[in-house]
Amino acid sequence: MSQEPKVIYLKDYTVPSFLIESTELRFELFEEETIVHAELKVKRNPACEKSAASLELFGHEELELIELTIDGAALDEKSVQREGELLILSSLPETFVLKSSTRIHPETNTALEGLYKSDGMFCTQCEAEGFRRITFFPDRPDVMSVFRTTVEADKKRYPVLLSNGNPVKTGENAEGRHWVTWEDPFPKPAYLFALVAGDLKCIEDSFTTMSGREVKLVIYAEEKDLDKLDYAMLSLQKSMKWDEEVYGREYDLDIYMIVAVDFFNMGAMENKGLNIFNTSCVLANPKTTTDASFQRVEGVVAHEYFHNWSGNRVTCRDWFQLSLKEGFTVFRDAEFSADMNSRTVKRVEDVSLLRTAQFAEDAGPMAHPIRPDSFIEISNFYTMTVYEKGAEVVRMIHTLLGPELFRKGSDLYFERHDGQAVTTEDFVQAMEDASGKDLGQFRAWYHQAGTPELHITDEFDGQKEEYRLTVRQTCPATPGQDKKTPFQIPLSVGLLDQEGNELRLTNGEYSEVLEVTEAEQTFVFKGINAKPVPSLLRGFSAPVKLHYAYQRDELMFLMANDTDGFSRWDAAQKLGVDIMQELIGGYSVDRPMALDSRLIAAYRAVLEADGLDKAMVSKVLTLPSQAYLSELSEVIDVDAIHNVREFIRKKLAFELEPLFLKRYQENNLEVDYSPDADSIARRSLKNLCLSYLVATQKTEYLQLAKEQYAQSDNMTDMQSALALVAHSDDKVAGAELLDDFYAQWKDESLVVNLWLSIQAADPSEGALARVESLMHHPAFDAKNPNKLRSLISVFCAQNPVNFHAKDGSGYQFLADRIIELNAQNPQIASRMLTPLTRWKKYAADRQVLMRAQLERIHQCDDLSKDVFEVVSKSLV
Ligand code: ARG
Ligand code: ZN
């Protein structure tokens with residue numbers, strides 16, 4: 001690294017000195033270069049106090065400035081300064097026209113930021129700061145302008161030319177070139193700009209908005225994927241309808257386009273009127289797509305669509321405010337998915353993810369508040385914290401206000417700030433103004449990092465007929481924040497009597513939201529005549545860790561009787577965690593393992609019960625994950641966690657074998673595939689039962705899995721069966737199926753990713769060698785982020801026993817990949833680093849090895865800002 005990268009602070013924010021009234025762009029796309037002509041109408045910002053201020057344009061070091069004029073004249077040398085990413089223009093008039101021509105090279109852009117090529121087509125990714133890789137521009141979200149964009153390219157290679165807004169003109173040039181001009185009437189920041197040029201096919205449909213306007217909906221993909229677009233189209237129509245019904249938000253342009261691209265750093269991008277999607281988040285077809293991916297497609301299509309209001313119409317003032325649009329939009333898409341499918345299942349899935357990945361982030365070296373106050377590289381802050389914890393914070397506001405006042409608040413927010421670039425504070429203020437609810441203390445959630453912990457004790461007073469819950473809250477120190485002030489925490493509770501009936505609470509209902517605001521506080525319930533069992537943090541009403549000394553019998557009681565579906569599942573998790581932790585503790589001292597029969601009894605009861613929601617049954621019967629147990633560990637003992645979990649799975653499998661088989665058979669129906677919630681639930685229960693059966697290692701069940709593989713007509717059943725056989729001890733059978741699968745699906749890139757992942761996650765010995773050899777397989781492409789994630793990241797995150805091999809080979813392997821990727825694709829390199837950053841959670845011998853690899857990366861020359869920030873913060 002030639003120079004230490006600069007830290008950007010929120011406290012240094014100043015308003016832009018100039019505003020852009022309109023932006024006219026002309027792209028000449030060629031095979032060996034692209035020329036970008038820009039014409040900006042610029043005026044001084046009346047809100048900027050410095051009257052002689054200069055204009056700061058951002059332009060990546062690699063941009064070649066061919067020409068620059070102001071009102072038609074070249075600038076004199078003194079008034080133009082190029083410093084790193086900045087082009088500073090001074091001695092400027094009040095208003096002027098700034099013209100530039102720039103040469104860029106999308107054809108060699110491997111960072112996949114700005115304009116780049118994916119499988120022969122041009123596309124863009126500008127959020128957060130990718131536009132500066134396209135042309136010189138005040139690339140900051142509070143500078144908004146209308147865009148008119150002309151795209152010119154070879155007609156044969158690139159018949160489809162797209163940009164934001166509506167197509168207004170088209171024509172042909174000499175030499176087989178053609179062009180299209182697009183106009184977007186809504187002022188937007190540059191990060192929402194998009195361009196696509198390629199040989200694309202599409203499906204078309206329409207949506208009639210609540211005011212009766214017809215909107216054309218178009219989804220583009222490569223021809224071979226045309227049969228995988230219907231589900232995204234349906235999801236888009238459902239999203240549009242839902243946002244009208246639930247938020248009163250109508251779409252505003254005449255056309256809405258989605259384009260699927262194979263090379264993409266993230267999931268998808270909400271560019272105005274022209275969303276660009278990772279193929280993994282838009283293509284869906286029963287033959288090639290698993291249930292989980294169907295649901296992801298539905299969720300991501302909704303997410304990007306909802307951004308049209310929460311993100312585009314009202315955008316962020318600066319990148320510290322990222323959670324303003326992401327937290328709110330994740331909350332919106334989660335509620336949408338809950339409404340379309342099973343609410344409880346969606347909640348269970350989101351909470352599982354939050355308290356493994358987000359809690360781990362909050363406890364690690366990169367911990368940051370949902371509104372950070374500094375960063376080196378903003379790409380590093382597209383995190384579980386900003387997105388998922390951000391959504392939980394919005395959910396808490398929803399809980400505290402109730403649905404009606406929350407809707408009043410969101411209406412006010414959209415109305416007050418339409419067309420503006422605002423802050424998280426503006427969001428909270430609108431909620432406060434509309435509801436009259438004081439959210440003063442609540443704001444701590446925006447600027448304090450770390451996961452709060454609630455320590456709850458209770459007391460029953462028979463004489464007074466009182467039940468008291470005492471809640472003490474703490475929050476661990478995080479980088480730069482030693483001391484925290486108490487949070488305002490909505491704690492949803494219920495009380496169950498000995499018979500399992502719910503008791504009426506102070507509010508006259510069966511559930512009540514206690515508002516925890518003090519460091520320690522006691523809540524009294526009157527008229528209670530026997531000690532109840534408390535059901536705490538119902539629906540996961542706050543993103544906190546809860547400690548209450550439940551007896552195992554009480555957890556079984558809650559599993560059977562709690563009326564809150566989430567809490568029933570959570571009781572099962574707590575029971576599993578408690579039992580597993582005891583065995584994990586004994587593992588290192590060689591205590592023989594024995595399974596508490598209560599877990600078997602609890603599982604049996606769930607398997608025998610009739611009429612339970614199948615999705616919930618399969619969630620309840622899934623043991624706490626290795627990742628969750630790791631997060632809960634003081635010191636992570638990888639082998640103990642893995643072996644204990646496998647021991648219990650096997651034991652349960654033998655004890656409950658007939659029930660698992662019965663449930664398997666009942667749910668193994670020959671019906672046409674449908675991705676609705678009930679069918680997904682049925683398949684998930686069936687495949688869970690199969691996984692327990694295979695855990696017995698009886699050949700008949702391996703045979704059953706092979707049959708399911710051979711007979712399945714959908715990817716969900718096929719890949720579940722394949723993974724079970726591939727991960728079984730019968731490596732010959734596993735290899736045979738893997739070969740068969742590859743032969744069948746080698747032309748379906750997303751299916752090949754499943755094939756890579758299954759192998760990367762195989763816990764048996766020798767995984768690293770298998771992964772290394774797969775890197776040379778034609779199925780792998782080190783330039784494609786989806787391939788990297790499927791093979792490398794899955795190995796590092798989902799194969800802990802192999803990644804954490806005692807000799808440090810896994811760590812060295814990952815560090816080698818990061819060092820290679822640092823130059824090629826800094827965003828992906830930095831993301832893939834995550835497993836190494838958690839070194840402090842492991843025992844001393846592994847700490848040394850992990851740290852050594854971080855040091856090795858740290859010492860490399862030319863570290864990107866992305867990797868530098870994560871590595872240097874991790875080494876502190
Ligand atoms: N705004 C996009 C979304 O959440 C994600 C863009 C991510 N970009 C990035 N550079 N990390 O839908
Ligand atoms: Zn988003």
Side-chain angles (χ1 to χ4, degrees), residues 60 109 111-116 123-134 139-141 164 188-194 232 235-236 239 243 258-261 263-278 280-282 296-316 319-337 366 368 370 372 375-391 394 424 785 789 825-834 864-867 869-870:
H60 194 263
N109 177 349
L112 314 186
E113 258 194 294
L115 180 63
Y116 65 94
C123 66
T124 52
Q125 171 55 37
C126 294
E127 186 180 3
E129 299 180 330
F131 196 77
R132 63 190 61 181
R133 288 170 178 262
I134 293 177
D139 182 13
R140 42 186 288 173
N164 316 80
K188 64 168 176 289
Y191 84 87
L192 290 173
F193 170 81
S235 303
L236 176 59
S239 309
D243 212 17
I258 292 178
V259 182
V261 305
F263 286 63
F264 205 71
N265 283 345
M266 310 282 287
M269 180 61 211
E270 69 265 22
N271 316 303
K272 184 79 188 188
L274 178 57
N275 289 182
I276 297 181
F277 272 60
N278 187 321
S280 71
C281 294
V282 58
R296 179 152 172 77
V297 167
E298 183 181 70
V300 178
V301 167
H303 179 96
E304 307 311 333
Y305 174 70
F306 297 154
H307 268 317
N308 191 55
W309 275 96
S310 50
N312 301 2
R313 292 287 289 253
V314 182
T315 194
C316 301
W319 291 117
F320 298 99
Q321 318 299 329
L322 182 57
S323 199
L324 173 77
K325 72 179 179 78
E326 297 303 346
F328 188 22
T329 305
V330 171
F331 172 69
R332 277 150 56 67
D333 84 58
E335 285 297 292
F336 165 77
S337 293
M366 284 291 291
H368 51 278
I370 66 168
F375 60 74
I376 291 175
E377 170 53 62
I378 186 56
S379 296
N380 285 330
F381 288 79
Y382 286 72
T383 57
M384 294 290 302
T385 299
V386 165
Y387 276 65
E388 273 70 26
K389 185 177 182 177
V394 175
T424 55
R789 280 184 279 256
N825 186 329
Q827 282 187 20
I828 296 294
S830 152
R831 248 162 220 278
M832 284 186 30
L833 246 173
T834 307
S864 59
K865 285 199 280 177
D866 310 60
V867 173
E869 177 168 38
V870 176

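Note that ligands are numbered from 1 as they come in the structure, with each ligand's atoms numbered from 1 the same way. Nothing fancy with the numbering, it's 1 onward along the sequence. Scope of the values below: all heavy atoms of this structure, side chains included, with no hydrogens, waters or symmetry mates.
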**Q** Any nitrogen or oxygen of Tyr382 lying under 3.5 Å from a nitrogen or oxygen in ligand 1? Just yes or no.
**A** no

**Q** Quick one: are Arg831 and Val870 in side-chain contact, heavy atoms under 4.5 Å?
**A** no

**Q** I need the minimum non-hydrogen distance between Phe306 and Arg332, along with the two atoms involved.
**A** O-NH2, 3.0 Å

**Q** Check ligand 1 against Ala128 and write out every atom of the ligand that is under 4.0 Å from a heavy-atom position of the residue.
**A** 10 (N)

**Q** Which of the atoms of ligand 1 are close to Gln827, meaning less than 4.0 Å from one of its heavy atoms?
**A** 10 (N)

**Q** Please state which part of Lys325 comes within less than 4.0 Å of ligand 1, counting heavy atoms only: side chain, backbone, both or neither.
**A** side chain

**Q** Hey, is His307 one of the residues with a heavy atom under 4.0 angstrom from ligand 1?
**A** yes

**Q** With heavy-atom distances below 4.0 Å as the criterion, list the atoms of ligand 1 near Glu270.
**A** 1 (N), 2 (C), 3 (C), 12 (O)

**Q** I want to check something: taking the side chain as every heavy atom from C-beta on, are Trp319 and Tyr191 in contact at a cut-off of under 4.5 Å?
**A** yes

**Q** Could you tell me whether the side chain of Asn164 reaches within less than 4.5 Å of the side chain of Asn271, counting heavy atoms only?
**A** yes

**Q** Are any of the N/O atoms in Tyr387 less than 3.5 Å from those in ligand 1?
**A** yes

**Q** Measuring from atom 12 (O) of ligand 1, which candidate in Glu127, Met269, Glu304 has the nearest non-hydrogen atom?
**A** Glu304

**Q** Relative to the Zn ion (ligand 2), which of the N, O or S atoms in Glu326 is the closest?
**A** OE1

**Q** With heavy atoms of His303 as the reference, note each atom of ligand 1 found under 4.0 Å away.
**A** 3 (C), 4 (O), 12 (O)

**Q** Could you tell me whether Lys389 and Glu326 have a side-chain N and a carboxylate O separated by less than 4.0 Å?
**A** no

**Q** Indicate yes or no: does Glu129 engage Arg140 in a salt bridge with an N to O separation below 4.0 Å.
**A** no

**Q** Would you mind listing which atoms of ligand 1 come within a distance below 4.0 Å of any non-hydrogen atom of Ala268?
**A** 2 (C), 3 (C), 5 (C), 12 (O)

**Q** For a quick check under 3.5 Å, do Gln827 and Asn265 share a side-chain donor-acceptor pair by atom type?
**A** yes

**Q** Within 45 degrees of the ring normal and closer than 6.0 Å to the centroid, is that where the cationic atom of Arg133 sits relative to Phe131?
**A** no

